[in-house]
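So you know, we letter chains A, B, ... as the sequences are listed, proteins then strands, and number each from 1. Because the structure is a prediction, the values reported are computed rather than measured.
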Amino acid sequence: MSGKQRTVYAGLVNEKMAGQAITLKGWVQKRRDLGGLIFVDLRDREGIVQLTFSDEFSKDALKTAERIRSEYVISITGVVSLRAESAINPKMKTGKVEVLVHQAEILAESKTPPFDIEDGVDVNEELKLKYRYLDLRRPEMQKGLILRSKIMSSSMRFMEENGFLDIETPYLAKSTPEGARDYLVPSRIYPGSFYALPQSPQLFKQLLMGAGFDRYFQIARCFRDEDLRGDRQPEFTQLDMETSFMNQGEIMELVNRWITQIMSDVVKANIDSNSFPVLHWQEAMDRFGSDKPDLRFGIELHDVSEIMKQTNFTVFTGAIKKGGFVKAIVAPKGATKFTRKMIDGQTDYIKRFGAKGLAWIKFENGEFSGPIAKFVSDVKGQLVSFLSLSDGDLVFFAADTFSVVSDTLGYLRKYVAKELDLIDESKWDFAWIVDWPLFEYSEDFGRWIAAHHPFTMPNEEDLHYLDDGEDPHLAHAQSYDLVLNGYELGSGSIRIHTMDIQKKMLKALGFTSDQAEKAFGFLLEAMEYGFPPMGGIALGLDRLAMLLSGKENIREVIAFPKNSNATEPMTKAPSRVSEKQLAELGLRVPE
RNA sequence: GGUUCCAUGGUCUAGUUGGUCUAGGACGCCUCCCUGUCACGGAGGAGAUCGCGGGUUCAAACCCCGCUGGGACCGCCA
């Protein structure tokens, strides 16, 4: 190395530096060789600046430039120069300047990369992951991770300023029932026994409250061995906090201030956290068909069961008789936009939600048309006024159980909004969803399970539902989810802090006292030693970073993510291990 | 566990009623020329067992079956 230190990042060179000698280090984005004059675009994490090589400035440097290829790592020293008016490149942040190179050194050569390192490249995902370190050189990717870092530092600053203590909790923890599948870690010292990687620091943070730390915060990695999605990775990061002696409203207010600070620090957005809508879970489901509604657009669900009861359309009346619903959404001026082919495609798509079909009518020139028009003609007047239809509208109907209708129309309203271009992508629409059911039915277990987790405090007035002979699943919880643009950003609750309620809760979940003792005995015992009232929340850092950087996949804001099959193409994890390693752990693996 | 889509030089892709494909294009790469480019330009060149295996056929990148790998979705995700 020449020994000269970098004086500035390439992307930060500006007109004020004109005439100054600077030293830059970075990667070659592009070389343009005009013969005796060579231009090189030099890239580092802050951006790109143009270098100019000519024997006018240095014969040696020009010679070096002739050898330079894409992705070489170079170090140069030169003088910042204002470009002539005609040579200014308005597309570049540094387009008004260039660096006349007096000294150049190649620090590392590079093979031709397997794909172009530039934003907007369309390369298959596996190749990008295999050469992740190259993909991460793209400005877009660096921007995402830089933004993620800013969310973390903004959060840490907020928590520090509000008296929260950063306390680490174990990664080698105990497997507990309920919830997601655990990642297990075999114990060498106790063959046949396993640690579990935490699905969240939930129990530990509650115990920290029990220990009197009062306010806890942690950027915590969490592990869940479930199948992946675009917004779900097997390991992910939570901005996790817990506080003693605060009620639900106070915690929500604190989170509002926290989010406001993040939005201001990270994306310079001035959001009014006092205006976050607070929706009851039931209301969110009724109006939007989702517990994480996207509120950037309308297209609400309307219950037309009462009107449809009067028709002879057995698909509708039959669903109602079975205790189901008929609901509708209106695609404003959608009658011409949505072709028969598109509707057929959607009819097919919604079958995955359990819907048997999709009914629709078009309202044009005062008349209904479409396959079911004749069945609903008798209630035309009622529908037009109930749904406030105007000319050219298209109406979709779903008739089924509450959950199928909700899933179907909840999906369709997003589809319709996208097709009709009704979504304002510049908006940040936060919402709180509160008053969740305490339990939900699991087909898998054949019993009621905790909707949130087993430590969630029921609403005070619902406590009696946990008593013998009552209907526990009518109980609602002191829990609150923060939603942004249709994504669940975070989930929190007030926790149970007394043993008798906790025991009732576990009993309602079907635990015998023996099983409860075995799984959560340490927690129940802790509750006997002065456990304070407490509550908290965990925000999904990866999702927040994804949304704030406008990405559609969580992989874009994780440096080294897994692919959709939970493998990692670069290191090829997971992999087989040696017989020796297995033997030490007392494990045997079938061939 | 299920549904669905995809796989052609380094990258992205054309090809789709089987023959005219000796597989076309763009970008990239290599050599040479070029002093104001920034999607530099000009001339020339290299580079593909069409993911793998089997089948149908006179003939398969193309049709069928299986496998592998990948994307999206459902289940799952306290």
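For A:Phe223, the ring pair (Phe, Tyr, Trp, His ring centres under 6.0 Å) test picks out A:Tyr171, with sequence neighbours left out.
B:rU56 makes up no base pair with any nucleotide shown, lacking Watson-Crick or G-U wobble contacts both under 3.5 Å. With a cut-off of 3.5 Å on both pairing distances, the Watson-Crick or G-U wobble partner of B:rG10 is B:rC27. For B:rC67, the paired base is B:rG51 (Watson-Crick or G-U wobble, both distances below 3.5 Å). Base-pair partner of B:rC40: not found among the strands shown (Watson-Crick or G-U wobble, both distances under 3.5 Å).
Put simply, CZ on A:Arg352 is 16 Å from C1' on B:rC76, counting in whole angstrom units. In this structure, A:Ile350 places its CD1 atom 14 Å from C1' of B:rC74, rounding to the nearest Å. Taking atom CZ on A:Arg137 and atom P on B:rU11, their separation rounds to 17 Å, with Å as the unit. Spacing between atom NZ of A:Lys351 and atom P of B:rC73 amounts to 20 Å, rounded to whole angstrom units. A:Lys63 places its NZ atom 18 Å from the C1' atom of B:rU35, with the value rounded to the nearest Å. Between A:Arg138 atom CZ and B:rU11 atom P the separation is 16 Å, expressed in whole Å. Straight-line distance from the CZ atom of A:Arg83 to the P atom of B:rU35: 19 Å, rounded to whole Å. Rounded to a whole Å, the CG atom of A:Leu51 is 13 Å from the C1' atom of B:rU37.
You'll find a donor-acceptor pair under 3.5 Å spanning the side chain of A:Asp227 and the base of B:rG75, going by distance alone. You'll find a donor-acceptor pair under 3.5 Å spanning the side chain of A:Arg232 and the base of B:rC77, going by distance alone. Put simply, the side chain of A:Glu226 and the base of B:rG75 share no donor and acceptor less than 3.5 Å apart. Residue-to-nucleotide contacts include no donor-acceptor pair under 3.5 Å from the side chain of A:Arg69 to the base of B:rG28.
Looking at heavy-atom distances under 4.0 Å, A:Asn553 makes contact with sugar-phosphate atoms alone, never a base. The residue A:Phe455 sits apart from the nucleic acid: no heavy atom pair falls under 4.0 Å. Within the nucleic acid shown, A:Ala84 has no heavy atom closer than 4.0 Å to any nucleic acid atom. Residue A:Ser200 is in base contact, counting any heavy-atom pair closer than 4.0 Å across all strands shown. Looking at heavy-atom distances under 4.0 Å, A:Glu126 makes contact with sugar-phosphate atoms alone, never a base. Using a 4.0 Å heavy-atom criterion, one finds that A:Asp55 contacts the bases of the nucleic acid, with or without backbone contacts as well. Residue A:Leu228 is classed as having no contact, given no heavy-atom separation below 4.0 Å to the nucleic acid.
Between B:rG70 and A:Asn565, a contact under 4.0 Å exists linking OP1 or OP2 to a side-chain N or O. Contact check, A:Asn563 against B:rG70: a side-chain N or O comes under 4.0 Å of OP1 or OP2. Remark: A:Ser564 is in phosphate contact with B:rG71, judged by side-chain N or O atoms under 4.0 Å from OP1 or OP2.
In this structure, A:Arg413 forms no cation-pi arrangement with A:Tyr415, as its terminal cationic atom is not both closer than 6.0 Å to the ring centre and no more than 45° off the ring axis. For the pair A:Lys327 and A:Phe325, the cation-pi test (distance below 6.0 Å, angle within 45°) is passed.
Taking the 5.5 Å centre cut-off and the 30° plane limit, the aromatic side chain of A:Phe115 is not classed as stacked on B:rU11.
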Within the 4.0 Å limit for protein heavy atoms, which parts of nucleotides 39-44 of chain B are touched? Write it as a string from 5' to 3', B for base, S for sugar-phosphate only, - for none.
SB----
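Although no hydrogens or angles enter the test, the distance criterion places no donor-acceptor pair under 3.5 Å between the side chain of A:Gln20 and the main chain of A:Val79.
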